[in-house]
S.K.: 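The structure's right below; bear with me while I get my questions together.
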Amino acid sequence: MEAIALVDGNNFYASCEQSINPSLRGKPLVVLSNNDGCIIARSSEARALRIKMGVPYFKVKEKLKKEKVVVLSSNYSLYGDMSRRLMNLLTKYCEQIEIYSIDEAFISINRPHDNNLYPWAREIRTSIYQKLGINITVGIGSNKLRSKLANRLAKKINTSSGIFDLEKINNEDEYLRKIKIENIWGIGYQTSKWLQSKGIKNAKELKEMNQYEIKKKLGIVGERIQLELKGYKCLPIEKVKKSKKEIRVSRSFGKPITKLEDLKQALSIYTITAAEKMRLQNLQASTVTIFTRTSHYSNSSYQKSAHKILIESTNNTIYLLKIVLELSKDIYHPDYKLAKAGVIMQDLTPYNYSQKSITNYPLKGKSERERDLIKTIDFINKRFKSEKITWGITVKKGSWKMNRNLLSGISTTNISRIPTIII
DNA sequence: TCTGGGGTCCTAGGACCC
DNA sequence: TCTGGGGTCCTAGGACCC
């Protein structure tokens with residue numbers, strides 16, 4: 001019998017920070033989103049202090065200070081590197097793996113003769129902890145949704161030691177009743193509000209709800225959730241990584257923007273990053289969209305996007321910059337304080353599969369020279385692990401640039417930032 | 001005066017995830 | 001003063017076709 005396990009890293013970002021800096025172990029610690037905006041990860045010690053997920057930093061700054069909580073800006077190169085190591089280790093313990101997010105993977109595994117997967121799960125947990133210093137949770141079920149629920153139960157039940165098999169219990173309903181409706185995978189804010197208004201409060205009640213009512217209101221998405229809850233398999237394990245459908249780079253500004261010049265600079269920087277990402281994944285785009293908006297929390301709201309469909313797919317930074325700079329005039333508005341902007345590369349295709357333009361733009365010789373130039377820039381930047389070479393427009397100081405004042409400064413991907421140990 | 005039916009494709013927007 | 005970023009999927013409705 002095949003089973004599905006959902007493995008995830010506990011408090012992943014916080015655990016990464018504690019893992020590379022052991023002096024943080026056992027201390028309350030939170031990690032902030034970009035711009036030092038919200039709390040996006042908490043160590044278990046910080047959870048115990050009832051610090052909530054997602055709250056704006058400025059609202060709890062004083063409380064954190066008082067409680068002596070360590071506060072860090074997010075360090076994505078560290079988390080990405082730890083994630084890669086985690087996934088590599090997991091691969092050794094399974095037949096098939098789907099990497100679902102930076103800290104989660106679905107694993108399909110055959111049950112042994114005695115049906116007991118606990119020894120297998122314990123072995124993985126031990127191995128990951130020894131090698132990475134990170135605790136993981138293993139939830140086991142007959143399909144993806146049930147493995148997610150099992151994972152939740154493993155975290156909820158103190159005696160589980162991080163492992164729970166939903167198919168090895170005989171009072172399932174009792175456990176399903178412990179899972180609140182809004183904590184089921186796929187049930188978000190809107191849907192849980194509706195379900196609650198219908199008197200459905202937990203997973204057990206959702207499982208027994210009238211299926212036609214679900215289908216009518218929630219469509220196929222809701223129907224699948226209920227079927228999986230009952231044990232049917234609707235969501236397959238995706239063995240091969242699907243190629244991306246869009247690549248997006250967007251940021252909130254450290255300070256609002258009112259000048260077109262600043263908007264152009266920001267969008268240029270995002271375009272350079274987006275084009276790099278495409279080249280790294282061997283993709284090219286044939287639609288470019290840019291957008292900007294005011295803050296969600298401001299009284300006068302404005303948002304606008306503009307897009308251009310290209311005759312020929314590309315990942316050429318020089319060409320993309322031209323397009324984005326041209327489009328930026330269409331979304332700019334002098335009367336609003338712009339809080340965020342971004343670029344989206346869409347209709348992505350593999351780089352070699354290209355529809356050539358009959359009008360032959362960009363001109364042949366020129367485009368080849370440009371391609372060589374960009375290749376060289378990518379090479380140099382990769383070699384020296386930073387943007388040694390970039391476009392002039394990015395260099396000028398922009399007061400709008402992101403705040404990241406609390407970086408841990410330690411890294412597993414940058415030799416000069418590896419911690420020094422003095423004995 | 002009465003004004004079809006069946007289909008496809010595209011897009012914008014909503015909802016969700018981590 | 002200060003509220004993240006990057007994705008996917010689904011649906012409804014409009015435009016268009018014969």
S.K.: Please give, in whole Å, the distance from B/dC16 P to A/Lys144 NZ?
M.R.: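 From A/Lys144 NZ to B/dC16 P: 19 Å.
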S.K.: How far does CG of A/Leu235 sit from CZ of A/Arg224, to the nearest 0.5 angstrom?
M.R.: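 That separation rounds to 6.0 Å.
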S.K.: What closest approach, in Å, do A/Ile140 and A/Ala3 show between heavy atoms, and which atom pair accounts for it?
M.R.: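 Looking at all heavy atoms of both residues, the closest pair is CG2-CB, 4.0 Å.
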S.K.: Taking only the side-chain nitrogens and oxygens of A/Thr191, find out if one of them lies under 4.0 Å from OP1 or OP2 of B/dC16.
M.R.: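 Result: yes.
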S.K.: Mind checking if A/Val249 touches a base, just sugar-phosphate, or nothing, with heavy atoms under 4.0 Å?
M.R.: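 Sugar-phosphate only.
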S.K.: Relative to the 5' end of DNA chain C, which residue comes earlier, A/Ile247 or A/Ser33, by the nucleotide with the nearest heavy atom?
M.R.: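 Nearer the 5' end of the strand: A/Ser33.
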S.K.: Between A/Gly219 and A/Lys340, which is nearer to the 5' end of DNA chain C once each is assigned its nearest nucleotide?
M.R.: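 Final value for this comparison: A/Lys340.
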S.K.: Any side-chain to backbone donor/acceptor pair from A/Thr292 onto A/Lys340? Under 3.5 Å, distance only.
M.R.: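 Present.
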S.K.: A/Ser43 side chain to A/Leu29 main-chain N or O, any donor-acceptor pair under 3.5 Å?
M.R.: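 Such a contact is found between A/Ser43 side chain and A/Leu29 backbone.
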S.K.: Rounded off to whole Å, could you give me the CD-to-C1' distance for the A/Glu98 and B/dC17 pair?
M.R.: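 Spelled out: CD on A/Glu98 to C1' on B/dC17 is 12 Å.
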S.K.: Just do the side chain to side chain donor-acceptor pair (under 3.5 Å) check on A/Asn35 and A/Arg251 with the steps written out, would you?
M.R.: CA-CA 9 Å; A/Asn35 247 337; A/Arg251 296 280 182 282; over 6 Å; no
S.K.: Atom CD1 of A/Ile214 and atom CD of A/Gln211: how far apart are they, to the nearest 0.5 Å?
M.R.: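 Rounded to the nearest 0.5 Å, the CD1-CD separation comes out at 8.0 Å.
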S.K.: Between C1' on C/dG6 and CD1 on A/Ile102, what's the gap in Å once rounded to a whole number?
M.R.: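 Rounded to the whole Å, the gap is 11 Å.
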S.K.: Ignoring backbone atoms, establish whether A/Ser252 has a side-chain N or O less than 4.0 Å from OP1 or OP2 of C/dG5.
M.R.: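 Yes, such a contact exists.
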S.K.: Decide, applying a 5.5 Å centre-distance limit and a 30° plane-angle limit (both strict), whether A/Tyr297 stacks on C/dT3.
M.R.: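 One would call A/Tyr297 stacked on the C/dT3 base.
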S.K.: For DNA chain C, write out the stems as range with range, using runs of 3 or more consecutive Watson-Crick or G-U pairs with both distances under 3.5 Å.
M.R.: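 Stems (3+ consecutive pairs) listed as B:5-18 with C:5-18.
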S.K.: Side chains of A/Glu95 and A/Asn110: is there a donor and an acceptor less than 3.5 Å apart?
M.R.: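 Per modelled atom types, A/Glu95 and A/Asn110 side chains form a pair under 3.5 Å.
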S.K.: Can you figure out which of C/dG6, C/dC9, C/dG5 approaches the side chain of A/Lys242 most closely?
M.R.: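 Out of C/dG6, C/dC9, C/dG5, the nucleotide with an atom closest to A/Lys242's side chain is C/dC9.
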S.K.: Starting at CD of A/Glu62 and ending at P of C/dC2, how long is that distance when rounded to a whole Å?
M.R.: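 In whole Å, C/dC2 P lies 17 Å from A/Glu62 CD.
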S.K.: Among C/dG6, B/dC18, C/dT8, find the nucleotide with the atom closest to the side chain of A/Lys277.
M.R.: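 Selected nucleotide (nearest to the side chain): C/dG6.
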S.K.: Between B/dC18, C/dG7, B/dC16, which one does the side chain of A/Tyr189 approach most closely?
M.R.: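 Within the option list, the nearest is B/dC16.
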S.K.: Expressed as a whole number of angstroms, how long is the span from A/Leu348:CG to C/dT8:C1'?
M.R.: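 That distance rounds to 13 Å.
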S.K.: Can you measure A/Met53 atom CE to B/dC17 atom P for me and round it to whole angstrom units?
M.R.: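 About 13 Å, once rounded to whole Å.
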S.K.: May I ask you to verify if any side-chain N or O of A/Ser295 is less than 4.0 angstrom from the OP1 or OP2 atom of C/dT3?
M.R.: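 Looking at the OP1 and OP2 atoms of C/dT3, neither is under 4.0 Å from any side-chain N or O of A/Ser295.
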S.K.: Counting heavy atoms from C-beta on, name the nucleotide in C/dC10, C/dT3, C/dG7 closest to the side chain of A/Arg224.
M.R.: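 Looking only at heavy atoms from C-beta outward on A/Arg224, the closest nucleotide is C/dC10.
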S.K.: Would you please confirm or rule out a distance under 4.0 Å between OP1 or OP2 of B/dC17 and any side-chain N or O of A/Lys148?
M.R.: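 Answer is no, no contact under 4.0 Å.
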S.K.: Is it true that A/Lys241 and A/Glu98 have a side-chain N and a carboxylate O under 4.0 angstrom from each other?
M.R.: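 Answer for the salt bridge query: no.
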S.K.: Counting only side-chain heavy atoms from C-beta out, which of B/dC16, C/dG7, B/dC18 sits nearest to A/Gln190?
M.R.: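 Side chain of A/Gln190 sits closest to B/dC16.
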S.K.: Please report the interatomic distance CD(A/Glu208) to CG(A/Leu229), rounded to the nearest 0.5 Å.
M.R.: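 Going from the CD atom of A/Glu208 to the CG atom of A/Leu229 covers 9.5 Å.
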S.K.: Identify whether any heavy atom of A/Ile184 sits under 4.0 Å from a base atom; if not, whether one sits that close to sugar-phosphate; answer base, sugar-phosphate or nothing.
M.R.: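 A/Ile184: backbone/sugar contact only, no base atoms under 4.0 Å.
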S.K.: Where the side chain of A/Trp185 is concerned, which of B/dC18, C/dG7, B/dA15 is the nearest nucleotide?
M.R.: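 For A/Trp185, the side-chain atoms sit closest to B/dC18.
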S.K.: Under 4.0 Å between a side-chain N or O of A/Lys245 and OP1 or OP2 of C/dC9?
M.R.: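 Indeed, a polar side-chain atom of A/Lys245 lies that close.
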S.K.: Whole angstroms only, please: what is the CD-C1' distance between A/Glu238 and C/dT8?
M.R.: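 The answer, rounded to whole Å, is 11 Å.
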S.K.: Across the strands shown, which category fits A/Leu32 at heavy-atom distances under 4.0 angstrom: base, sugar-phosphate, nothing?
M.R.: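 Counting heavy atoms under 4.0 Å across all strands, no contact is made by A/Leu32.
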S.K.: With a 4.0 Å cut-off on heavy atoms, is A/Tyr57 in touch with a base, just the backbone sugar-phosphate, or nothing at all?
M.R.: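 Here A/Tyr57 touches no strand at all.
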S.K.: Using whole Å, what does the distance between atom C1' of nucleotide C/dG6 and atom CZ of A/Phe291 come to?
M.R.: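 Roughly 10 Å, once rounded to whole Å.
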S.K.: If you check every side-chain atom of A/Glu246, which of C/dT8, C/dG6, C/dC2 has the closest atom?
M.R.: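 Comparing C/dT8, C/dG6, C/dC2 against the side chain of A/Glu246, the answer is C/dT8.
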S.K.: Of the candidate nucleotides C/dG4, C/dG7, C/dG5, which contains the atom at the shortest distance from the side chain of A/Arg251?
M.R.: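 Looking only at heavy atoms from C-beta outward on A/Arg251, the closest nucleotide is C/dG5.
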